[in-house]
Visitor: 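Below is a structure I'd like to ask you about.
All chains are named by letter (A, B, ...) in the order of the sequence lines, taking the proteins before the strands, and each is independently numbered beginning at 1.
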There are 6 protein chains.
Amino acid sequence: MFARLFAPTIDVHAHCDLPCGVYDPAQARIEAESIKGIIGKVKDNDDPDFRTRAILIKEERAQLVKHHLTVLWTDYFKPPHFEKYPQLHQLVNEACKIASGSGGVKETFDEAKADELLAKIDEIAEIFWETKKS
Amino acid sequence: MFARLFAPTIDVHAHCDLPCGVYDPAQARIEAESIKGIIGKVKDNDDPDFRTRAILIKEERAQLVKHHLTVLWTDYFKPPHFEKYPQLHQLVNEACKIASGSGGVKETFDEAKADELLAKIDEIAEIFWETKKS
Amino acid sequence: MFARLFAPTIDVHAHCDLPCGVYDPAQARIEAESIKGIIGKVKDNDDPDFRTRAILIKEERAQLVKHHLTVLWTDYFKPPHFEKYPQLHQLVNEACKIASGSGGVKETFDEAKADELLAKIDEIAEIFWETKKS
Amino acid sequence: MFARLFAPTIDVHAHCDLPCGVYDPAQARIEAESIKGIIGKVKDNDDPDFRTRAILIKEERAQLVKHHLTVLWTDYFKPPHFEKYPQLHQLVNEACKIASGSGGVKETFDEAKADELLAKIDEIAEIFWETKKS
Amino acid sequence: MFARLFAPTIDVHAHCDLPCGVYDPAQARIEAESIKGIIGKVKDNDDPDFRTRAILIKEERAQLVKHHLTVLWTDYFKPPHFEKYPQLHQLVNEACKIASGSGGVKETFDEAKADELLAKIDEIAEIFWETKKS
Amino acid sequence: MFARLFAPTIDVHAHCDLPCGVYDPAQARIEAESIKGIIGKVKDNDDPDFRTRAILIKEERAQLVKHHLTVLWTDYFKPPHFEKYPQLHQLVNEACKIASGSGGVKETFDEAKADELLAKIDEIAEIFWETKKS
């Protein structure tokens, strides 16, 4: 299992022109999985103080999701990527909005919303890995 | 001078539906002005330790520019704005890239680059205030 | 509106000796407006999780108010300013206390308290801009 | 490639009792890869300002490695893990020391040191995934 | 116990070889005392918003305890210390776990738990000052 | 002077009314000692990368000194303290200026400047402990 996890990383770096640095959408995904984990925990625990802590930690994790996604958007993706994937701007923007309040994961304990976030991150990751291969 | 500075803020809030919170592109602009200020100071000071501190502080300020701009992009601007201003995604993205390394203000003490950043922020601010008026 | 907002900035810089860097009390004011905005939102929303998030975000914003005000106090204002404005120490201190707990905005959703904070910041800003003009 | 990267994650979660939250040694590894990337870039660039920025960013990345490793050590690993893997305390401690100054990656641009860090993280990850499977 | 905690400080500074930097377990202790203080305040205040703020601030303080303790563990303590004090790894790990959720101070307002944390920190401090004296 | 600094701690804790929270000027002092330690290390090490790291870390430590001092000034000290110690505002302000650039520890490796900072912090600490005793 371990070998499988890190194996692709090696390939990737072979294709990575070092000036673009090391980026990995897994960073955003791990934080989003954490959000889903928090939501699951709150469902099984009716202590109000626990809920307060969950809100607080969920807020931080969602902020990290936004951070990692905007790093990809501002630092990794370049004009040719945006040309090749015209939906990319809107896709990252939508993912970030789901990682926010106003209808996003910050203001709900709805697991479906966390799944929506994970799905968006996976869409971005798919594009990311395509650009690394070429 | 003071009245002039804060006067528009009052108007703005009259047009602001409170659910959208308080946003202001001035936050990004002040940090970008600070970058320009740092560049000016380094020109007049050849102490290498001062230059090291200037690089460090410039890095932080540029990071804050990116933070404030991505907050506008992910939290303030909504789908109708992106429809009305189809250049908005690319505009914010370009401003963030100028606030980065790889040809941006983080890796240079070129004042023209800081001016380029300020001009981009002003373009975003102009759109921002238009959306507030309507 | 846009022109009016940024217009004074230009004058200011003409009078700013670059060694003193770029400072602007607008940074503290925007965060204080945000606190007022949060208080207004809570009034219209009785979801307890929303209130928890509001407390959390208000805490952060108030911390930023204190940060921006103490930056002015420790970095921008110099001994001659404190001599010319003997009330300045106490004024900044009082503003910071209103941005704290123990009777300040951190422990209340009272809009009047946010207005009190804004008024203090405006007093500081008035002195700030006076020192910039001279 | 994408499928391979995220595939194990799915298995993992199947074995994860949600109360223990979401942890992933990949977070430390990505930051350590970033350190290796930075070292590589500096080798090809003799601009002293670039080197200053590289030192600064390497410092931050190394700090993140230490953060992610100590999170595993204090939050994920439990007494039964330390009993089963008696070398675990020392292993994490050594990895953190390599991510520090005093002979670690913070004070060198030696690629071998970054490889040493990656190897230690992989050792920790191997134990981590073993504990997840059981 | 308290007198013992601060008394050795005097010797220490005389014996401190500057390359090892400045470390002081008092940093962790002050944050842990703060946690105890917060717990005491909540006992006398039944405002739910106050409790929310207390949870939030307690979370931060506990995080700082963990930070200061892991700094000692990764940066100050060296292999000879771990050899001489074979319980040291587990001791720091236990203190960090008490400063966490899952049975630690983050999820309770039980004063006894804060005392337990303080006692663990004092144990670490005692070892720390012993290593400084020799 | 050093003995005096920690000696009162014993009294203090006995006299501390918990509503005022836990404050301790030792936090600022430890960071200032760290600055002095950094300056000493640089004197014995002529590696330019080491100097860059020292500048960076000194900047952070000085920032923490300012943080801990302004916390005392905005949160701990109350109007009666400022009345009883009319020099207190200026004293804290001067200490913060020494912890800054523009003639302060941030822009120098002069040990005398670090000693000046330590002396100012000790003056503040002396007032602090006096207010705790009464």
Visitor: Between E/E107 and A/D49, is there a side-chain heavy-atom distance shorter than 4.5 Å?
Guide: no
Visitor: Under 4.5 Å from any heavy atom of chain A, what part of E/K58 do you find: side chain, backbone, both or neither?
Guide: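 No part of E/K58 comes within 4.5 Å of chain A.
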Visitor: Counting only non-hydrogen atoms closer than 4.5 Å, does A/I57 touch chain E with its backbone (N, CA, C, O), its side chain (CB onward), both, or neither?
Guide: side chain
Visitor: With a sphere of 6.0 Å drawn around CD of A/Q90, does it hold more than 12 non-hydrogen atoms of other residues, nucleotides or ligands?
Guide: no
Visitor: So for atom CG, which belongs to E/D44, do other residues, nucleotides or ligands contribute more than 12 heavy atoms lying within a distance under 6.0 Å?
Guide: yes
Visitor: Could you measure the distance from the CZ atom of A/R53 to the NZ atom of E/K106? Nearest 0.5 Å is fine.
Guide: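 The NZ atom of E/K106 is 6.5 Å from CZ of A/R53, to the nearest 0.5 Å.
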Visitor: Top residue by heavy-atom pair count (under 4.5 Å) with chain E, among A/T52, A/I55, A/D47?
Guide: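 Highest number of pairs under 4.5 Å: A/T52.
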